[in-house]
Amino acid sequence: MSSIVVLQRQQLLAILDGNIPVDAKWKQNGVTVAGGNGKGSATNQLDCPLGVFVDDNQTVVIADWANDRVMQWKNGDTTNGQVVAGGNGQGNGLNQLYAPTDVLIDKETNSLIICDYGNQRVVRWSRRSGTTQGEILIDSMQCFGLAIEEQRYLYVSDWKKDEVRRYQLSEKNGTLVAGGNGKDDGLNQLNVSTYLFVDRQQNVYVSDNNNHRVMKWNKGANEGIVVAGGQGQGNALTQLYHPNGLFVDTLGTLYVADSGNHRVMRWTQRDKKQGTVIVGGNDSGAGANQFNYPVGLSLDRHGNLYVIDRSITTSTITSYTRW
């Protein structure tokens with residue numbers, strides 16, 4: 001089974017500025033907020049979702065990969081979602097998507113920015129009602145992960161070229177900000193770059209999936225710094241196993257979906273040598289305290305944790321409501 005999990009912090013501290021105490025804890029049992037009705041294409045179902053983004057109203061937007069669409073699930077309504085992009089069959093028309101992997105909300109334009117993975121492009125869809133098609137922002141690239149920061153630069157990971165580029169929303173070529181030196185494990189290299197996070201200083205965090213590490217590239221740097229993992233594939237607290245979704249708070253604490261180990265980990269600035277398991281880590285399974293290959297990850301403005309729990313074997317989705 002696989003699911004989108006929301007786990008609420010037990011500490012009732014205001015974190016609207018993005019600060020989460022380094023010793024914060026989350027309840028270990030999650031409940032469904034989206035899907036949870038088996039694999040399928042109905043509005044109450046998902047099929048292999050990969051990317052998740054949560055807005056200020058706790059509306060959850062999901063890149064529903066195998067259904068070639070983006071779904072929106074409003075806070076408090078776990079019965080049905082709404083198709084907000086794609087959903088018109090697999091294809092490359094402006095009203096279609098093909099295996100989207102990630103999605104984010106550009107608040108300035110009230111639009112969705114989507115990695116349209118199968119079409120090798122990044123597209124934008126307005127969130128206004130009546131929208132029937134998107135527009136192409138960037139084409140001819142093997143995008144996977146997306147991030148946008150306060151100055152509205154867009155960051156896109158290219159898993160095939162093993163690089164990350166930064167774009168103004170009006171440009172097509174972008175500036176190299178991470179990787180781009182071939183596929184390997186050097187500090188200036190990446191090996192299947194997937195999910196991204198960019199902080200307020202424009203430092204770029206990259207899930208270096210096949211190197212089992214998370215890299216931080218400071219703004220303008222020629223090489224990265226290992227900030228999680230990097231000790232080979234494994235399940236020790238010093239290791240990761242195919243890391244994916246990322247979130248970094250304003251204290252620099254990193255949260256990562258450690259997919260192969262079926263857990264979510266926290267790595268703090270004061271201890272970069274090893275992380276802490278904050279949820280999961282109880283073997284793979286469909287229990288309320290278990291994951292089966294977690295991928296996408298996000299936190300809302302109240303510090304609640306949202307996780308896509310996705311089985312790579314059955315491709316079915318189970319999701320959990322927030323406590």
Side-chain angles (χ1 to χ4, degrees), residues 1-7 30 32-36 39 45-54 60-71 73 97 99-104 114-118 142-147 156-157 159 190-197 205-214 228-229 233 235 240-248 254-266 275 277-286 290-300 305-320:
M1 297 297 290
S2 54
S3 47
I4 297 173
V5 178
V6 185
L7 297 132
T32 303
V33 294
K39 181 177 71 172
Q45 294 177 306
L46 299 167
D47 191 350
C48 299
L50 290 179
V52 58
F53 189 94
V54 186
V60 181
V61 180
I62 303 157
D64 193 9
W65 183 80
N67 282 323
D68 306 303
R69 66 188 185 183
V70 172
M71 296 290 290
W73 294 68
L97 298 171
T101 55
D102 206 3
V103 59
L104 56 81
I114 304 161
C115 171
D116 191 10
Y117 174 92
Q142 294 279 7
C143 66
F144 191 99
L146 302 170
V156 186
S157 65
W159 69 269
L190 298 167
N191 188 348
V192 183
S193 52
T194 55
Y195 294 82
L196 299 177
F197 190 92
Y205 295 77
V206 189
S207 280
D208 191 8
N209 190 277
N210 279 2
N211 282 327
H212 311 291
R213 66 189 185 183
V214 177
Q233 172 186 316
N235 62 6
L240 296 169
Y241 183 8
H242 293 307
N244 281 299
L246 299 176
F247 187 91
V248 181
L254 167 70
Y255 302 83
V256 55
D258 187 13
S259 298
N261 286 320
H262 315 292
R263 65 191 184 185
V264 175
M265 298 192 73
R266 172 176 60 203
V277 179
I278 58 172
V279 286
N282 301 304
D283 296 324
S284 64
Q290 292 179 300
F291 293 120
N292 194 339
Y293 209 81
V295 283
L297 178 151
S298 186
L299 278 84
D300 67 20
L305 178 65
Y306 296 69
V307 185
I308 294 178
D309 186 18
R310 170 184 175 268
S311 168
I312 59 174
T313 54
T314 62
S315 296
T316 57
I317 304 301
T318 305
S319 304
Y320 300 83

TODO: Quick one: do Asp300 and Tyr306 satisfy side chain to side chain contact (heavy atoms under 4.5 Å, CB included)? Show the steps, please.
DONE: CA-CA 8 Å; Asp300 67 20; Tyr306 296 69; 2.9 Å; yes
Check for a donor-acceptor pair, side chain of [X] on one end and backbone N or O of [Y] on the other, with a separation under 3.5 Å.
{"X": "Ser298", "Y": "Phe53", "value": "no"}
{"X": "Gln290", "Y": "Asn282", "value": "yes"}
{"X": "Asn191", "Y": "Asn210", "value": "no"}
{"X": "Asp68", "Y": "Ala99", "value": "yes"}

Taking C-beta and beyond as the side chain, do [X] and [Y] meet within less than 4.5 Å on heavy atoms?
{"X": "Trp73", "Y": "Val33", "answer": "no"}
{"X": "Asn211", "Y": "Leu190", "answer": "no"}
{"X": "Val52", "Y": "Leu297", "answer": "no"}
{"X": "Leu50", "Y": "Asp102", "answer": "no"}
{"X": "Val307", "Y": "Phe291", "answer": "yes"}
{"X": "Met71", "Y": "Leu46", "answer": "yes"}
{"X": "His242", "Y": "His212", "answer": "yes"}
{"X": "Val214", "Y": "Asp208", "answer": "no"}

Shortest non-hydrogen contact between [X] and [Y], atoms and distance:
{"X": "Pro49", "Y": "Ile308", "answer": "O-CG2, 3.3 Å"}
{"X": "Pro100", "Y": "Ala63", "answer": "O-CB, 3.8 Å"}
{"X": "His262", "Y": "Pro294", "answer": "CA-CD, 3.7 Å"}
{"X": "Thr101", "Y": "Phe144", "answer": "OG1-O, 2.7 Å"}

Open item on the list: What's the separation between atom OG in Ser157 and atom CG in Leu196, rounded to the nearest 0.5 Å?
Closed with: 4.5 Å
Task: Atom pair CG/CZ of Leu240 and Arg263 - distance to nearest 0.5 Å - done: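 Leu240 CG to Arg263 CZ: 7.0 Å, rounded to 0.5 Å.
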- [ ] Classify the ring geometry between Tyr117 and Trp159 as parallel (under 30°), tilted (30 to 60°) or perpendicular (over 60°).
- [x] parallel
- [ ] Test side-chain hydrogen bond (donor to acceptor under 3.5 Å, both in side chains) on Asn244 and Ser207 and set out the steps.
- [x] CA-CA 6 Å; Asn244 281 299; Ser207 280; 5.7 Å; no
TODO: With Phe197 as reference, evaluate Val248, Leu254, Val256 under the side chain to side chain contact (heavy atoms under 4.5 Å, CB included) test and give the passing residue.
DONE: Val248
- [ ] Would you please test Leu305 and Val264 for side chain to side chain contact (heavy atoms under 4.5 Å, CB included) and show each step?
- [x] CA-CA 10 Å; Leu305 178 65; Val264 175; 4.2 Å; yes
Task: side-chain hydrogen bond (donor to acceptor under 3.5 Å, both in side chains) between Tyr241 and Asp258, worked out - done: CA-CA 6 Å; Tyr241 183 8; Asp258 187 13; over 6 Å; no
